[in-house]
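Before any comments, here is the structure.
What you see is a predicted model, and the numbers here were worked out from it, not measured in a lab.
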Amino acid sequence: MSLPASDADRGMSPVVGVTLLVGIVLLLAVAFGGLAFGFTERLDDLDSIETLDEDECPGFRVVSYEPPAFDDVNEQLSRNNCALWLRAGNVETDADGRVTRWLDAGPNGFHATQPDATVRPTAVAAADTDIDHAAVDFRGTNEDTTDPNETDGEVLRLDRDVSQLDVDADTGLVIAAVVRTDSFNRGGTWTVGEAGVDGREFSMRTCSTYSMDTCSVGGDASGHWRAQHWGTEDVDFESAETDGEWAVLVHAYDGETATVRVNGAPVAAKSVDLSLDSNRDVQIGRWEREEGDPYWYYDGQMAELLIFDQSLTDEEVENVERYLMTKFDVST
């Protein structure tokens, strides 16, 4: 005669089994429902991607959604990882608070350096700015002269030429920076490439009232800029938002057109033909018209600078701008 089975031997009751099965189905629906219902929207609408990792290049490396991970979204947004990212406050200084290295927070370690103590810019603490973020202060004094001894200022050098940034005529180039200009004196915020050689310069400088300045303006030069493309079409523009105020400035080249954007809005564009390969170091805070010409130094502060080694879509540029404008509380 057999004995009754104990509770442990009887197995799972039908009611419990059905309950667990329903629970598993619901969990799978939650986990994969995003793929079925939200994937396309997230892919196309960058406004919905708000979770950015500040330890990665802004706008292009998003924290994974779990569940699901949306790996395809992350791959799309991270494919344009920045070639250079000089992040606010990420600097090394000497005993006098002058910047010896602005450290690259991007993947390449292309630090901007200055071994010469006499031309180092000054580190500004976040508490001493009106954007609650640290900045680098470049002081430039440029006289109306062709004598290099009558210009003075501060500069950082990348010690990497353009080709080492993986930039060439086919890739395109995008530079985005957060700047506050104190005076418009012909100074350069950045010089990429080889000034004085046709099509090999990609620089941004302020205009001035100097008679020798080809983009000179009558009266007050405040707000006047030139995106310099040596030997081809330059892009001159005026933006009151950049006069003594923090602004997000974007300079882009997609292989056919050079464009400039200020605080998320396009301000100028021209068709240009650039060959961006060069053996010249990238300079930050200085512009040199051509070899042997005086240096023209920027007079203002810079909080952050990014270089992307290829052209970006409009949506991708806007995503970078949103990141910078939100971080530094810059309004349109």
Is a side-chain donor or acceptor of Asp116 paired with a backbone partner of Thr118 at a separation under 3.5 angstrom?
yes
Can you name the residues that form a side-chain hydrogen bond (donor to acceptor under 3.5 Å, both in side chains) with Glu256, not counting sequence neighbours?
none
Establish, from distance only, whether the side-chain atoms of Trp225 and Thr242 form a donor-acceptor pair under 3.5 Å.
yes
Do Asp137 and Thr122 have side-chain N/O donor and acceptor atoms under 3.5 Å apart?
no
Starting at SG of Cys215, measure out to CZ of Phe184 and round the result to the nearest 0.5 Å.
11.0 Å
For Val99 versus Arg120, what's the shortest heavy-atom pair and its separation?
O-CG, 3.4 Å
Which heavy atom in Asp243 sits nearest to a heavy atom in Ser222, and how many Å separate them?
OD2-CB, 3.3 Å
Looking only at the aromatic ring of each residue, does the gap between the centers of Trp287 and Tyr298 stay below 6.0 angstrom?
no
Check the pair Glu316 / Asn319 against side chain to side chain contact (heavy atoms under 4.5 Å, CB included), numbers first and verdict last.
CA-CA 5 Å; Glu316 289 167 340; Asn319 205 33; 5.5 Å; no
Provide the closest heavy-atom pair for Gly264 versus Met325 in the form atom of the first, atom of the second, distance.
N-SD, 3.9 Å
Check the pair Met302 / Phe138 against side chain to side chain contact (heavy atoms under 4.5 Å, CB included), numbers first and verdict last.
CA-CA 8 Å; Met302 184 178 297; Phe138 296 87; 4.1 Å; yes
What about the rings of Phe202 and His251, do their centers lie closer together than 6.0 Å?
yes
Does the pair Glu233/Lys270 count as a salt bridge with the N-to-O cut at 4.0 Å?
yes
Cluster overlap Phe328 with Val124, hydrophobic side-chain contacts below 4.5 Å
no
Side chain Glu201, main chain Ser203, donor-acceptor under 3.5 Å:
no
Transitively linked via ILVMFWY side-chain contacts under 4.5 Å: Tyr253 with Val260?
yes
Check: Met204 main-chain N/O paired with Thr189 side-chain donor or acceptor under 3.5 Å
yes
Which value, rounded to the nearest 0.5 Å, describes the distance between His133 atom NE2 and Glu304 atom CD?
8.0 Å
I need the minimum non-hydrogen distance between Ala88 and Ala134, along with the two atoms involved.
CB-O, 3.5 Å
Criterion side-chain hydrogen bond (donor to acceptor under 3.5 Å, both in side chains) on Trp246 and Asp130, from CA distance to verdict
CA-CA 9 Å; Trp246 286 100; Asp130 55 1; 2.9 Å; yes
So which residues get pulled into Val217's cluster when ILVMFWY side chains under 4.5 Å apart are joined, directly or through others?
none
Suppose we screen for side-chain hydrogen bond (donor to acceptor under 3.5 Å, both in side chains). Which residues come up paired with Asn263, at least two apart in sequence or across chains?
none
What one should report as the nearest heavy-atom pair of Leu156 and Ala112 is CB-CB, 4.0 Å
Indicate if Val155 and Val179 have the same hydrophobic cluster label, given that clusters are the connected sets of ILVMFWY residues with side-chain heavy-atom separations under 4.5 angstrom.
no
What heavy-atom pair brings Ala268 and Val235 nearest, and what distance separates the two atoms?
CB-CG1, 3.3 Å
Arg180 (side chain) donor-acceptor with Glu245 (main chain) under 3.5 angstrom:
no
What's the spacing between Tyr295 OH and Arg286 CZ if we round to 0.5 Å?
4.5 Å
Please determine which of Thr326, Val330, Val250, Leu249 meets the side-chain contact (heavy atoms from CB on, under 4.5 Å) test together with Glu321.
Val250
Between atom CD of Glu238 and atom CD of Glu241, what is the distance when rounded to the nearest 0.5 Å?
10.0 Å
Say whether, by atom type as modelled, one donor and one acceptor occur between the side chain of Arg87 and the main chain of Asn90 under 3.5 angstrom.
no
Modelled atom types, side-chain donor and acceptor of Arg205 and Gln228, under 3.5 Å
yes
Heavy-atom donor-acceptor pair, Asp213 side chain to Ser208 backbone, under 3.5 Å:
yes
Any donor-acceptor pair under 3.5 Å linking the side chain of Asp104 with the backbone of Phe110?
yes
State whether a side-chain donor-acceptor pair under 3.5 Å links Glu92 with Trp102.
no
Hey, what do you get for CD1 (Ile175) to CG (Leu305), rounding to the nearest 0.5 Å?
6.5 Å
Are side-chain N/O atoms of Trp296 and Asn185 paired as donor and acceptor at under 3.5 Å?
no
Can a donor-acceptor pair be found, under 3.5 Å and without considering hydrogens, that links the side chain of Thr206 to the backbone of Arg186?
yes
Consider side-chain contact (heavy atoms from CB on, under 4.5 Å). Of Val282, Ile307, Asn108, Leu306, which one does Leu84 pass it with?
Ile307
Distance-only donor-acceptor check, side chains Thr214 and Arg226, under 3.5 Å:
yes
Where the side chain of Asn142 meets the backbone of Tyr297, is there a donor-acceptor pair that is under 3.5 Å apart?
yes
Are Leu86 and Leu103 connected in the hydrophobic side-chain network, where two residues link if heavy atoms are under 4.5 Å apart?
no
For the CD atom of Gln114 and the CG atom of Asp94, what is their distance to the nearest 0.5 Å?
10.5 Å
Asp299/Arg139 salt bridge by N-O under 4.0 Å criterion:
no
